*Asks:* 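Questions regarding the structure given below will be posed in turn.
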Amino acid sequence: MAKLLIMKRQQQQFESAIDSHGQSFVKIAATYEADDKLQQDLHQEILLAVWQALPSFKGQSSLKTFVYRVAYNKAFNHVAKYSAKPKHQDLDDVHVCQTDGPEQTIQNNKALENLMVAIRQLPVMQRQLITLALDGISYADIAIITGLSVSNVGVQLNRAKKQLKSIME
Amino acid sequence: MTKHDEQWDDLVKGWQGAEFESASDKAVLQATVKSSGNKIMLETVVNVTAGLGLSGYIIFELMQGLPSLIDVVTYCVVLFIALAMTLASVWFRRGNYSALAEDSQSYLQLMLKRVNSTLKLTKTSQLLCAVIFIGFEGLFATLFGLSFLSGNDMAKPAIALSIMAFIGVFFPSMYYFLKRFAIKVSAEKERIEDMLEPVSK
């Protein structure tokens, strides 16, 4: 009975994580792996890791910071195992859904593709800071996820933004 | 608001507004994730059960008493391999999923620590392989010589020779596999060190 309740809670937490952060997981996979097929594998691995880590979630932090930590740590595992440096890739390789009108979509997609390719050129930790900031995560939560102090998050994030800008220019 | 801030805000808007293609819909993802989780669990349970079953049988046979030294040594080698494989399957499962919820800096430190111990373990295993290879080949060569010279039972030299051939193939292959694995782990270690380098706490 207790086992069933735990399973049900894990199921609910997983659904909530997918609803709230499903897109973030896809974006994390896309920024840590350029190859389309490996990207899909990494996405699946992230989801599996979140599913398996959920029973150890004790509510000491928010579910958001918990699942982000699991997702990024899985991405670090992937980088350590498969890729030494970010791969250069063609802009056509980035897949974004079309939701606006055709002209606006092309413009948006182009900008986003440029951003994605630029993010992949950043060192791994800077990539994490930039993607978290782009997701709108607060400095305090970024500090919990990364293990940096809040003031250091600001310093490191500014450095990462400068580097991102120089890559994009 | 500076121009730099405006540019950043544009990036944030573009990023948050973008809908990336997901591999499949939510229900399919959940089903895939659940079945993958169950599959990993099942594989571990089967590996552990088989390993423990085989080890139990060998220990039982050893306790019953085996007819010759060759049998004892062979059973001990198989017991060692079975226990090592059982421990490895549990260790790999633990290594994959525990501590995934640590903060990134601590997790990277943990990854480095794990990769260092894996590297040490691999190099020790390589050394052990070389020692076992030399020791066992020497032992069975002696047994072969003694049983051949005594000439009472011609089956014994043939058994010793077969075991020597098995050890001659198994341990050098294992050594080569461990050497390749150590190269892979070293590369992994370098990548983790690279990830830790740019940002300090």
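Letters go in sequence order (proteins before strands), and every chain restarts at 1. Nothing here was measured: the structure is a model prediction, and the numbers come from that model.
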*Asks:* Just wondering, more than 12 heavy atoms not from B:Met164 lying within 6.0 Å of its CE?
*Replies:* yes

*Asks:* Check A:Gln23 against B:Ala18 and note the closest heavy-atom contact, atom names and distance.
*Replies:* OE1-O, 3.7 Å

*Asks:* Could you grab the distance from atom CD1 of A:Ile142 to atom CG of B:Asp103, nearest 0.5 Å is fine?
*Replies:* 13.5 Å

*Asks:* If we define contacts as heavy-atom pairs under 4.5 Å, which of A:Val50, A:Leu115, A:Val153 has the most with chain B?
*Replies:* A:Leu115

*Asks:* Hey, what do you get for CG (B:Leu196) to CZ (A:Phe76), rounding to the nearest 0.5 Å?
*Replies:* 9.5 Å

*Asks:* Is it the backbone or the side chain of A:Ala133 that comes under 4.5 Å from a heavy atom of chain B, or both, or neither?
*Replies:* both

*Asks:* Just how far is it from atom OH of B:Tyr107 to atom CD1 of A:Ile145, taken to the nearest 0.5 Å?
*Replies:* 15.5 Å

*Asks:* Could you look at B:Glu190 and say if it's the side chain, the backbone, both or neither that has a heavy atom under 4.5 Å from chain A?
*Replies:* neither

*Asks:* Which atoms form the tightest heavy-atom contact between A:Met116 and B:Trp15, and what is the distance?
*Replies:* CE-CZ3, 3.8 Å

*Asks:* What's the shortest heavy-atom distance between B:Glu188 and A:Lys81, and which atoms?
*Replies:* OE2-NZ, 3.7 Å

*Asks:* Heavy-atom cut-off 4.5 Å, strictly under: side chain, backbone, both or neither for A:Thr131 against chain B?
*Replies:* both

*Asks:* Given a strict heavy-atom distance threshold of 4.5 Å, which part of A:Phe14 is in contact with chain B: side chain, backbone, both, or neither?
*Replies:* side chain

*Asks:* Do you know which two heavy atoms are closest between A:Leu164 and B:Leu11, and how far apart they sit?
*Replies:* CD2-CD1, 4.2 Å

*Asks:* Side chain, backbone, both or neither: which part of A:Ile119 has a heavy atom under 4.5 Å from chain B?
*Replies:* side chain

*Asks:* Quick check: closest heavy atoms across B:Glu102 and A:Arg69, and the distance to 0.1 Å?
*Replies:* O-CD, 3.5 Å

*Asks:* Please report the interatomic distance CE(B:Met195) to CZ(A:Arg127), rounded to the nearest 0.5 Å.
*Replies:* 9.0 Å

*Asks:* By a 4.5 Å heavy-atom criterion (distance strictly below it), what part of A:Ile144 contacts chain B: side chain, backbone, both, or neither?
*Replies:* backbone

*Asks:* Considering all heavy atoms of both residues, which atom of A:Gln128 and which atom of B:Ser104 are nearest to each other, and what is their separation?
*Replies:* NE2-OG, 2.6 Å

*Asks:* When only heavy atoms count and the cut-off is under 4.5 Å, which of residues 54-67 of chain A reach chain B?
*Replies:* A:Phe66

*Asks:* Mind checking the CD-CG spacing from B:Gln105 to A:Leu148? Nearest 0.5 Å is all I need.
*Replies:* 5.0 Å

